[in-house]
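So the structure is just underneath, and the comments pick up after that.
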Amino acid sequence: MVAVSSDVEQGIRDDRIAKVEAMRRDGVDPYPARTPPRAEVAAVRADHGALEPGAESGQSLWVAGRITGRRGHGKAIFLDLADRTGQIQLHATLDVLGSDGLAAVADSDLGDVVAVHGDVFCSRRGELTLRVREWRPLAKCLRPLPEKHHGLADVEGRYRQRYLDLLVNDDALRIALARTAIVTAVRGVLDGDGFTEVETPALQPIYGGGAARPFVTRYNEYERDFYLRIADELYLKRLIVGGLERVYEIAKDFRNEGVSFKRNPEFTMLEWYEAYADYEVAMERTERVVAAAGAAAGSEIDLAPPWPRIPLRDAIHERAGIDPMADRDLGRLVAFMRERDIDTSADVTWAHAVDHLLSHFVEPALERPTFLVDYPVELSPFAKASPASPGLVERFEAFCVGMEIANGYSELNDPAEQRARFEEARAAAAAGDEEAHPMDEDFLLALEYGMPPTAGVGIGIDRLTMALTGVRSIREVILFPTLRPR
RNA sequence: GGGCCGUUAGCUCAGCUGGUAGAGCAGGGGACUUUUAAUCCCAAGGUCGCAGGUUCGAUCCCUGCACGGCCCA
């Protein structure tokens, strides 16, 4: 189906389709399979950037890319051609091409993909330019591109047609490339530290490893419902039981919940697990992983280790002005927040209220990279209890530019206590908590074979990319964010 | 899920608390052989998100819906 929104666009499209048909009649393949061996624009600039205005290089070469600008002068035409590395000017003249050759160039439209052979020279105004000797169409652009000076500003349009966003908005490409550089840097650190990258199931008979509602799907062969994973955690720990000792996975997780500026239903999570280590070791590695990612993304945030480690209790006390752990009384915390006009309707337990105080008073204030440590056990069903502090677990979260970027802990490896935590979750589910963790007997079976002391970390790649590129919406760092179908 | 805001030409945007819409770029025609947001001349381009309502008359006011954004949950 071809969607055309107006007669204007239809007219442009008809006109360009007619050009394609005319090319075929003239024996020119409008969509050839082969591209001449070509130089990338950045390489041409690197080789010839020193030419003086008016100077000839004496060299000829091919470039290929999209036509992004055109300035006609009757018997000559200036054009701009862009590939992924940059933009270069073309000069097509009647003298060189003859009338038919110049007509072929004049028939091109902004957005066409072409290959051009020409002589490299520097124009009188000092612009590196290719004097066109051969012009070969590679792919016709049938639709007008977004306006070149203002780009594509319509947010919905940018997400639904990301290819246009990437073509005309420099920032879109910058963020996409930064994200890839971050993932590559993360792999570099972990591979260098002797970690094994693994793949665990995205289709799971029981979901787990987090507090979230899952997507449910149907596997016909087994006549059973399966879940799309909400986390990798429980499978990666099975591999720790299996003796792999250092494993990581970078994978899509799926959570069946609302969208917001920091939530997309599918998102990318890095998790790593390290045997014979605790959360102190995990924090040090987190510092190194994030610092490497920041360097790769060109971030100007100072990520140099070590980052401050502040007990969660102290951080809340200092920022909010209330000691959340003086007792475990939900009512005291709720009353405190209500006095400040904070909606506490979702705070059904003391631990929820602590988390709310954290996200309301503390998280937005943590600009510099910071670890908060030692969380209530109720918020952390897979973390090992703190030997020194009853009711707390050895857990940390890392924050930067007012955003959570990492979460880790010393892993609970006592199968009896893990079973008790599952039972508590089952009670919460029975009481109506739709995000409560389901019982997982198969995981408990693995723990009963003995999991060494282990530290684990999860880093949301999307949020890390947001922090390191300075954007506010998760949809800016996901090439194709989940949108309601039109 | 709730509140607020937005939706006008292919793109970027104007549009006076009601009288059937304008500009720039892109596209079309013409001039121009060193321009680079080229310049100049001419002409064209609209389901004002969708559906109702109020009104003599609605892009404008009201209601509902769709999609999106921001904030809250």
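Just so we're on the same page: letters track the sequence lines, and every chain starts at 1.
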So, the side chain of A/Arg16 versus the backbone of A/Cys141: is there a donor-acceptor pair under 3.5 Å, distance only? yes
Would you mind reporting whether A/His91 and A/Val132 have side-chain heavy atoms less than 4.5 Å apart? no
Between B/C60 and B/G6, how many Å separate the two P atoms, rounded to a whole number? 13 Å
Show the atom names and distances, to 0.1 Å, of all donor-acceptor pairs under 3.5 Å that link a side chain in residues 255-262 of chain A to residues at least two apart or in another chain.
residue  : atom : partner  : partner atom : Å
A/Arg255 : NE   : A/Ile230 : O            : 3.1
A/Arg255 : NH2  : A/Ile230 : O            : 2.9
A/Asn256 : ND2  : A/Pro214 : O            : 3.3
A/Ser260 : OG   : A/Lys262 : N            : 3.1
A/Ser260 : OG   : A/Arg263 : N            : 3.4

Under the 3.5 angstrom rule, does the side chain of A/Arg309 hit a backbone N or O of A/Trp307 as a donor-acceptor pair? yes
Any idea which of B/A26, B/U35, B/A37 is nearest the A/Thr129 side chain? B/U35
So what does the secondary structure string of RNA chain B come out as, 5' to 3', with Watson-Crick or wobble pairs under 3.5 angstrom, [ ] for crossing and | for pairs with another strand? (((((((..((((.....[..))))..((((.......))))......(((((..]....)))))))))))).
Can you tell me if the side-chain N/O atoms of A/Arg125 get under 4.0 Å from OP1 or OP2 in B/U36? yes
Compare the minimum distances between each of B/U33, B/U34, B/C11 and the side chain of A/Arg124, then state the nucleotide with the smallest one. B/U34
What about A/Ser123: does its side chain form a donor-acceptor pair under 3.5 Å with the base of B/U35? yes
Give a yes/no on whether any side-chain N or O of A/Arg13 is located under 4.0 angstrom from OP1 or OP2 of B/A26. no
Reading 5' to 3' through nucleotides 65-73 of chain B, protein heavy-atom contacts under 4.0 Å coded B for base, S for sugar-phosphate only, - for none: --SSS-S-S
Of the nucleotides B/A26, B/A38, B/C11, which has the atom closest to the A/His73 side chain? B/A38
Donor-acceptor pair, distance only, cut-off 3.5 Å: does the side chain of A/Arg395 make one with the backbone of A/Tyr279? no
Syn if the chi torsion is within 90° of 0, anti otherwise; quick check, which is B/U20? syn
Please confirm whether the shortest side-chain N or O distance from A/Arg71 to OP1 or OP2 of B/A38 is below 4.0 Å. yes
I'd like to know if the side chain of A/Asp26 and the backbone of A/Val28 have a donor-acceptor N/O pair within less than 3.5 Å. no
Which of these nucleotides, B/U34, B/C25, B/U35, is closest to any side-chain atom of A/His149? B/C25
Closest of B/U35, B/C13, B/G27 to the A/Ala153 side chain is B/C13
A/Leu94 side-chain proximity, nearest of B/U33, B/U12, B/G27: B/U33
Using only atom types and a distance under 3.5 Å, with no angle test, would you say the side chain of A/Ser386 pairs donor to acceptor with the backbone of A/Val393? no
Using only heavy-atom distances, decide whether a donor-acceptor pair under 3.5 angstrom links the side-chain of A/Asp80 to the base of B/U36. no
A/Ala76 has its side chain closest, among B/U33, B/G10, B/U34, to B/U33
With nearest nucleotide decided by heavy atoms, which residue, A/Lys19 or A/Gly126, maps closer to the 5′ end of RNA chain B? A/Lys19
Among B/G24, B/U34, B/G27, the one nearest any side-chain atom of A/Phe78 is B/U34
